[in-house]
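Report on one structure; see the data block that follows.
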Amino acid sequence: MGLIEGIFEPGLVVTSVDWVLNWSRKRSIFPMTFGIACCAIEMMAAGAARFDLDRFGAGAFRATPRQADLMIVAGTVTFKMAERLRRLWEQMAEPRYVMAMGACAISGGPYHLHAYHVVKGVDQVVPVDVYVPGCPPRPEALIEGLLRLQDKISTRTIAKP
Amino acid sequence: MMYVPERPPVEYKGLSLAIVRLATKWGPAGISLLLRFAWGVFFAAIVVLVTFVWAVRRFINPLLPWFIRDVVVVVGLLAFVCIVAIIGIWGERKVSGRIQSRLGPMRTGAWHGWAQSLADGLKFVQKEDLIPRDADQPLFRLAPYVALVPAFCAYLTIPFSLGWVFRESDVGLLFVLAMLAIEVLGVIMAGWASNSKWSLYGAMRAACQLVSYEIPMGLSLLAVVLSVGSLNLIELGRAQEGGWFSWLIFRNPFLFLAFFTYYIASLASCKRSPFDLPEGESELVAGFHTEYSGFRFVMFFFAEYVAMFAVSALATILFLGGWNSPVAGLCSPLWFVLKSAFLVWVQMWFRWTLPRIRIDQVMHACVKYLLPLSLLLFVGSSLWQLYDNRAHPAFEGFAGLLHYVLGGVGLLLLGLFFAGAGYGYYNRNRLVGSMVRKHLPGA
Amino acid sequence: MTPSEIIEVLKQHDGAGIVSAVADGLHPHVVVKMDRLPAIAALLQSDWRLRFDLLRCISAIDWPAKNSIELSYDVISTSFGHALAVKVLLDRANPQVESVSVVWPAAEWHEREAFDLMGVTFLHHPDLRRILLPEDWTDHPLRKDYPYPVAYKGLKLNP
Amino acid sequence: MKEIEFQYQSDLHQEGEIPSDIRTEELTLNMGPQHPSTHGVLRVVLQTDGELVLQATPYVGYLHRCAEKIAEKVTYRQFTPYTDRLDYLAGMNNNLGFALAVEKLGGIEVPARAEYLRVIFAELNRIASHLVATGCYGLDMGAFTPFVYCFREREYVLDLFEAVCGARLTYSYITIGGVREDLPDGWIGRCREFLDYLGPKIAEYNNLLSYNHIFINRTGNVGVCPPDLALAYGLTGSCLRGSGVKWDLRKATPYCRYNEFDFDIPVGRGEKGTVGDCWDRYFVRIQEIGQSVRIIRQALDKLTEGPTQAKVPRAVKLPAGEIYYEVENPRGQLGFYLVSEGGTSPYRLKIRGPSFCNLSVLPVVARNCLLADVTALLGSLDIVMGEVDR
């Protein structure tokens, strides 16, 4: 959205357009099918019958980064994985969001000490929008993280800063 | 590896800076938007001008009412196709949710997430326009149009009811089939231009699958054409007036089977499960549209649903009585849309029930079974047609009897379907398990 | 067969190759000479009384105090249900041993792991590369004196 | 080793098939680490000739979390949570394996009630794990619905786990010397309700997936792994049993009073193809769910009153010694090679992940098969990368 951002004076028209654009963005967050470790199981559970991420319009898991909006880093990122993760993030189209799911993705979690091959926090590799703590976070926590991401999206505007 | 800041905003210089300043200073956002899309405005102006000149020349022409009708119908068709795709995509997610004891989209829009596909579409418009560096740029840009536009063009000769058609054509059926066949070109183009191995696999699979299944599909339809003696879709619909028992699917046993061969082949030609190999997610990441993002991807998505409805519409017109109601006399475009939507729903039902076939099995199924069978049906139907006339009164009697038997079988199948659905619905607590329903998000 | 019977069989066949044997306790094992390992492995796998057909694990243990690296091959027989461990002691500075992947193909990956994490070189191994760590990793982390790296490709280990 | 008969043979390499002026070369396809059907962060490099896969080389290590090094730095009790994260679909079984290894080395006796509780939870977790395997296999085959159904059923197992230990995935419930908590009130009734509910559901899966004609055609005769090949490559668990070898540690070297229970070992019989094909491996898992239900029912009947925890000091200290102990996990034999120098933390802990060995057979079996068969094979091996890479 580099095309129309930041060139308008704030006003009724602009805020209404903002509302529509943000509504569509936050109501249709397509996550990427990208599970790394334990948290991926909870991510799958969140997409399955009882929790049903699809209710919030975020159930269409896309396997290719090109079509995904949200990368849920679900698990421990290792040094070997870090550059792949970075590349996947680079392949995603703007606007893109990253959610660090679980203690490992936030800070290394249980692997913070003594582990010689674990990235201590995925925010060293990609910029993170939402942190969802837990080891692993419950699916409810993931959904809460998604809702917080929706809140974050709805603050974006195309008006001049 | 460290964090790289996002791309800085576009810098304006010289004339563009002046324009942007002028536009923003003057306030109204609309003018600024118009100026930002100057190229688009330029082309739109040319189109409007040409249309205007043409319209003026037409104005002194007695054909003006026809011209206005054409414009209105095309715009209406476009709107209809968009609505079909939008409802189709939303419906797919709802149907899949219900099949999987989930709810599907619930939040977007007030009622059952009805606005989900609107939000999806609007979001994809806002996405960054990504073209891989090594992609074949012109082809990459062209491919989505090649996939979507012919699928839309197919609707130009599809009659929705008597008189509800853009152009009545004597080769309407051929036109629709030809248009639907062009879609594969867009798919191959997309797969090739993406310069990705997964895309290439998807494209090659699409090529061999779609091209092979054209043959049984065409042969099954030819059986119908022979028994009616017309390629005109209106004529084909007219031949089925008079209620349930006069639908072509019940005309003779060969046509009854031809409906099923056509339906299976149409699944393959729409890349629907179990023939969804070109975009099979668990094998080829996303198949031929792996590298597509944003609105181009939406166009492929649209094309799929538009084509789904188009093949179902063909099946409706050729086999299921088109716009004729099951009871004689009540013909309406509503029947046509309803029957087609039912067939689309069955496609979704398949999609969320069946696993995917392997590529060699796809080809085996076509070449070893479907192709000989449809050829046999074609020959059989022709022979039946040869003897089903006044010159063979005994055969005519037999044919009439069989005709009603087949109609009865069809009624029975439909009744069984509804009975099964009703049984499942009334015993849903026992069948799914009360434990499950207690915990569902909407319960 | 009990462990002591198995060890008897082994001693009958190749008494010189066996350094010591522990038949009782929680982990019955024989310690064999380094150069006799392939022959004894083949014997364990093929002898009709032993039939150790399932290689369960190859564990490498670093003993800086003894200046050696110990390899323990845990095998079990699915036909008879008896289990045994075969151990070899390697020089810590230059740990080298013949690969047993000809006898048990399962050893291929276990040996790659021991090479990766402990730095044991397996001779005549079909494909001896690092398996878990990246190819450009420098050290063998399961050694007791492993120096923790500070960073890898710009990513700090302890930020 | 026996040469395996492959179903697909490349015709392209025969002499004279290709006109000499067309140059062909093999296509190298990189599958993973982010790919929907590699079950985590596995990377498989495929040498392909059109749809035909000539060679598949797995690359692992993208989830190497240094569990063995960590074990040397933390105490025995502290390491229990790390075992949860090895095979994160079967945390209870991993806890059990580690606890048993430590108890055997330390000579700790576990009360009878705790033993039965361990059996109940290990088997419940086996059900949960096999449900995930079944569902994900359906997903690999392109059927999305079985996946959702299996996760729906799995939630009830997780509910039962949550009731006793509060966690859904990483339990640390089975600790050294017993189990952490006793059962809450009414738990046994809920467990029985779940077992009654699960029985008919297995028939539903069979109708939906196992006996689906397309599914059988996709998996029968595909990825055939004969028994001698399976043994040679150290396959264990349902992969080995799928190849027709009747080998289960719960029967062969019973632990935790498994010898008191009456259950069968399902093996692959080649019902829909050859012995050891993907369908056999898959169907063994479905049958094992039924066997686990049987075991749990018996264990619930035998459950006696009494303490659930032996008297073990907070800082567990083991005598010097070593042990190699294996338990039957849902994916195969999970082994712990534990060396103690007499301190409060292990001197060396080597973990044998069953998925690690199961995966090593992939390059041998995935040869001259179709691209879609590689996903079928990977799914039927049912690997968990947390355990492959540790």
Side-chain angles (χ1 to χ4, degrees), chain A residues 32-52 54 59 61-65 68 71 73-85 87-89 91 102-104 108-119 134-141, chain D residues 30 32-41 43 59-74 78-79 81-82 84-89 91 128-129 132 135-136 139 144-145 147-156 158-159 162 167-170 384-387 389-390:
Chain A
M32 183 159 57
T33 319
F34 182 43
I36 303 181
C38 333
C39 296
I41 306 298
E42 291 298 67
M43 185 171 82
M44 284 149 78
R50 191 186 288 184
F51 299 100
D52 192 12
D54 211 14
F61 281 86
R62 304 300 313 175
T64 158
M71 178 158 78
V73 184
T76 318
V77 183
T78 58
F79 286 152
K80 205 171 174 179
M81 194 64 207
E83 47 191 311
R84 272 84 178 173
L85 188 106
R87 188 181 296 175
L88 281 172
W89 179 79
Q91 283 175 345
C104 294
Y111 302 95
H112 188 79
L113 281 174
H114 312 307
Y116 47 82
H117 191 232
V118 173
V119 177
C135 189
R138 300 175 58 87
E140 290 97 327
Chain D
N30 191 9
Q34 183 259 344
H35 187 280
S37 66
T38 52
H39 292 243
V41 284
R43 172 173 164 229
Y59 288 82
V60 300
Y62 293 94
L63 194 56
H64 179 49
R65 300 194 278 195
C66 333
E68 291 173 13
K69 189 75 175 175
I70 291 172
E72 297 171 12
K73 309 275 183 181
V74 298
Q78 280 175 340
F79 190 68
Y82 288 95
D84 280 322
R85 288 155 181 82
L86 290 175
D87 175 355
Y88 36 78
L89 289 174
S129 169
V132 174
C136 290
L139 201 60
F144 194 78
T145 304
F147 163 79
V148 183
Y149 284 179
C150 289
F151 265 73
R152 183 183 73 194
E153 264 68 273
R154 180 173 169 272
E155 290 293 332
Y156 303 113
L158 299 190
D159 281 348
E162 245 182 289
R168 282 168 53 89
L169 208 60
T170 46
V384 167
M385 291 316 286
E387 196 178 56
D389 299 339
R390 294 180 298 273

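Letters go in sequence order (proteins before strands), and every chain restarts at 1. Below, all heavy atoms of this structure are taken into account, side chains as well, without hydrogens, waters or symmetry copies.
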Original post:
Can you say whether A:Ala37 sits under 4.5 Å from chain D via the side chain, the backbone, both, or neither, judging by heavy atoms?
Top reply: both

Subject >> Heavy-atom pair count under 4.5 Å with chain D, highest-scoring of A:Leu113, A:Thr64, A:Thr78 >> reply: A:Thr78

Original post:
Looking at side-chain heavy atoms only, is the closest gap between A:Pro110 and D:Tyr82 below 4.5 Å?
Top reply: yes

Original post:
chain A: which of D:Pro81, D:Pro33, D:Gly386 shares the most heavy-atom pairs with it under 4.5 Å?
Top reply: D:Pro33

**OP:** Using non-hydrogen atoms and a 4.5 Å limit, figure out which bit of D:Glu162 sits close to chain A: side chain, backbone, both or neither.
**Re:** side chain

Subject >> ring-ring contact (aromatic ring centres under 6.0 Å, His included) partners for D:Tyr149, two or more places apart >> reply: none

Subject >> CZ-CD distance between A:Phe34 and D:Gln34, expressed to the nearest 0.5 angstrom >> reply: 6.0 Å

Original post:
Highest number of heavy-atom pairs under 4.5 Å with chain D: which of A:Ala48, A:Cys38, A:Ala63?
Top reply: A:Cys38

**OP:** Name all residues meeting the ring-ring contact (aromatic ring centres under 6.0 Å, His included) criterion together with D:His64; count only those two or more places apart in sequence or in a different chain, and write none if there are none.
**Re:** A:Tyr116, A:His117

Subject >> Structural part of A:Met32 lying under 4.5 Å from a heavy atom of chain D >> reply: side chain

Original post:
Can you say whether A:Leu88 sits under 4.5 Å from chain D via the side chain, the backbone, both, or neither, judging by heavy atoms?
Top reply: side chain

**OP:** Specify the closest pair of heavy atoms between D:Thr170 and A:Cys135, including all atoms of both residues, with the distance to one decimal.
**Re:** OG1-O, 3.0 Å

**OP:** Kindly confirm or rule out a cation-pi arrangement of A:Arg50 over D:Tyr156, judged by NZ or CZ under 6.0 Å from the six-membered ring centre and within 45° of its axis?
**Re:** yes

Original post:
How long is the span from the CG atom in D:Leu158 to the CZ atom in A:Arg138, to the nearest 0.5 Å?
Top reply: 9.0 Å

